[in-house]
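Please read all numbers here as calculations on a predicted model, not as lab measurements.
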Amino acid sequence: MEPERTSRELRTAARVSRRPPRFAATAMALGIIFALAYVFFLHAPPPVPTPDIAGFQGTYTWRVAGRNGDQSFTDRNGTFSAVASGNAGGKSNEPRGQIFSSVWFPESAYAATKRSELTAAGVGPNSLYSRTIGAWPPVWRVATRSPLDYQGLAAIVRAAVEDGDRSIGIKPLKDGDRKVWRAAMTLDGQDIELVVDQFTGIVLWYADGQSTFTAIVDWNAAPPADTTYALKVPTGQKLTTKRDKAYTYASSLAEAGRAAGYTPLESTLAPDGYAVKDVASAFWLADPTWWTVHHATVFLPRTLLAGQRQVVSLYTRGLSWFTVQQLGPEAAREAQGIIRNAVHKDRSAKLSFQATQLQYGAMTNAMAYTWYEKSGPTLFVSDAQHIVYVTGALKRQELISYAEGLEPLGSGASASPSPSP
């Protein structure tokens, strides 16, 4: 009987070995699902908050290093206020005894519907009043300081948090009952530190070794969205008015394109909430920094693009904004080789430089370059027909999405300026 029992056991074992390991397979599958869920959901860092602020006001201190190398600092105190319509106002006060204090520390107001900045510098009958009309970009232009002066740096911090970018040192902290990021970076050879409010994207503190900016925002008293800021010029007081003629404003992207002599591109993939605030055309050298600063080695011969015009667009959402500059086929054909060589040569000097091939849109297969500038995360892409430069409050992935949504004007949503409030 023993051999038969052994044979029976062998046959039984063989049958068991041929059965699918249902329990083991199920356990393994559940383990994989749990691991993926942990990595992508349970263990994933919280999403970066979308800035949600339509107006703010508060006080600031701007500490500036002395000019004589004596390590002295001067504190300049002031107030700031701004709303989503583009209007803004501010004052600055200089401690008594400072030379020229009445000249350099003004009161300023900006009216977005008129694209007009009015500034008073001085005290009493010695005050100097000046008005500038039409300067670009036509929002929040005041001679005093504001946290909005550092919006590009705040956008870098938000982008770096989302991407886990180790080129920027970032630590989450609490400032009272508010969550903030403290960040450090080296940009254009300058060491910069700042503190950014996580919920609003507002810079609360900034330092670069030469100056320190500290803002105290009154979170409980945001000005209404339709707030206007006025500065009265006394009767008999001299007012100097200057019209900035570098930019020719247009009622639509199509009108700006006609002035420039080509059909511009528009994107159907701007982040939710952003709308075109203003568009204009200008000679390509109206703002030469996008060639000579942002691309340090792109010194295009002035005769190469002489007479050619760029189309510029300003997008806003609350107190956030970004700008788009583009040139058409004539400029793209003439400058294509120079641009390509310069970008490749300059890539090591750009903070967090990356190259991404676009998969969609009018510039499919073109290489889009992204990096960080003081103006914010920046994108540059060109081909034989187009040159496009975007900088401001968009994170890196938002820049890529915007570029992949570019199509010739008329094939997508209309990019006309939103009605002024």
Side-chain angles (χ1 to χ4, degrees), residues 51-58 78-92 106-120 129-152 154-155 200-202 217 222-233 239-253 255-256 270-271 273-282 286-287 311-325 375-376 391-394 414-421:
D52 184 11
I53 183 168
F56 71 168
Q57 62 184 1
T79 63
F80 59 84
S81 183
V83 291
S85 65
N87 296 336
K91 296 181 180 180
S92 178
E107 180 179 0
S108 194
Y110 187 77
T113 55
K114 299 178 181 179
R115 305 188 185 105
S116 175
E117 173 192 340
L118 179 59
T119 297
Y129 289 84
S130 62
R131 175 184 285 123
T132 301
I133 300 174
W136 181 272
V139 284
W140 308 302
R141 301 189 66 89
V142 289
T144 50
R145 304 200 71 81
S146 162
L148 296 183
D149 297 339
Y150 307 96
Q151 187 229 31
T200 63
I202 296 300
V217 180
D226 59 351
T227 298
T228 58
Y229 301 86
L231 181 58
K232 186 177 181 180
V233 181
L239 172 63
T240 302
T241 298
K242 174 186 175 182
R243 292 187 178 273
D244 191 325
K245 298 180 180 179
Y247 291 84
T248 302
Y249 287 86
S251 61
S252 67
L253 193 61
E255 181 181 329
Y274 275 100
V276 179
K277 176 70 173 177
D278 242 323
V279 294
S281 64
D287 175 17
V311 172
V312 294
S313 306
L314 170 69
Y315 289 75
T316 61
R317 181 183 65 192
L319 296 182
S320 298
W321 77 95
F322 69 93
T323 57
V324 182
Q325 295 166 260
S375 57
T391 191
L394 299 189
S414 176
S416 298
S418 57
S420 298

- Message: Is the shortest side-chain heavy-atom distance between S130 and K242 below 4.5 Å?
- Response: no
- What residues, two or more places apart in sequence or in another chain, satisfy side chain to side chain contact (heavy atoms under 4.5 Å, CB included) together with T79? T59, K91
- Note on the structure: All heavy atoms of A282 vs all of A246, minimum pair found to be CB-O, 3.3 Å
- Query: Should L319 and L148 count as side-chain neighbours, where that means a heavy-atom distance under 4.5 Å?
  - Reply: yes
- Query: Under the 3.5 angstrom rule, does the side chain of Y110 hit a backbone N or O of Y229 as a donor-acceptor pair?
  - Reply: no
- Would you please name every residue forming a side chain to side chain contact (heavy atoms under 4.5 Å, CB included) with D52, sequence neighbours left out? F199
- Query: So T132 and R141, side-chain contact (heavy atoms from CB on, under 4.5 Å) or not? Walk me through it.
  - Reply: CA-CA 10 Å; T132 301; R141 301 189 66 89; over 6 Å; no
- Query: Taking the side chain as C-beta and beyond, is there a heavy-atom pair between T323 and V312 under 4.5 Å?
  - Reply: no
- Task: Check whether any side-chain heavy atom of V279 sits under 4.5 Å from a side-chain heavy atom of S252, and report yes or no.
- Result: no
- Message: I'd like to know if the side chain of Y249 reaches the main chain of G134, judged simply by a donor and an acceptor atom lying under 3.5 Å from each other, with no hydrogens or angles considered.
- Response: yes
- Could you tell me which non-hydrogen atom of A84 sits nearest to which non-hydrogen atom of W140, and how far apart they are? O-CZ2, 4.1 Å
- Between L239 and L118, is any pair of side-chain heavy atoms under 4.5 Å apart? yes
- Step by step, work out the side-chain contact (heavy atoms from CB on, under 4.5 Å) result for V276 and L253. CA-CA 9 Å; V276 179; L253 193 61; over 6 Å; no
- d(K114 NZ, N87 CG) to nearest 0.5 Å is 10.5 Å
- Task: Could you list the residues that satisfy side chain to side chain contact (heavy atoms under 4.5 Å, CB included) with A222, not counting sequence neighbours?
- Result: none
- Task: Sequence neighbours left out, what passes side chain to side chain donor-acceptor pair (under 3.5 Å) with S108? Give chain and number order.
- Result: T119
- Where is the tightest heavy-atom contact between L394 and P271, given as atom of each residue plus distance? CD2-CG, 3.6 Å
- Mind checking what makes side chain to side chain contact (heavy atoms under 4.5 Å, CB included) contact with S320, not counting sequence neighbours? P51, Q151, Y274, A393
- Is Q57 close to T227 at the side-chain level, that is, under 4.5 Å between some pair of heavy atoms? no
- Across all chains, not counting sequence neighbours, the side chain to side chain donor-acceptor pair (under 3.5 Å) partners of T200 are D197
- Nearest heavy-atom approach of L231 to A109 is CB-CB, 4.3 Å
- Provide the closest heavy-atom pair for D149 versus R145 in the form atom of the first, atom of the second, distance. OD2-CA, 3.5 Å
- Using 30° and 60° as the class limits, which term best fits the ring planes of Y247 and W136: parallel, tilted or perpendicular? parallel
- Task: For K277 and S85, indicate whether the former's side chain and the latter's backbone hold a donor-acceptor pair under 3.5 Å.
- Result: yes
- Message: Any non-hydrogen side-chain atom of P137 less than 4.5 Å from a side-chain atom of D278?
- Response: no
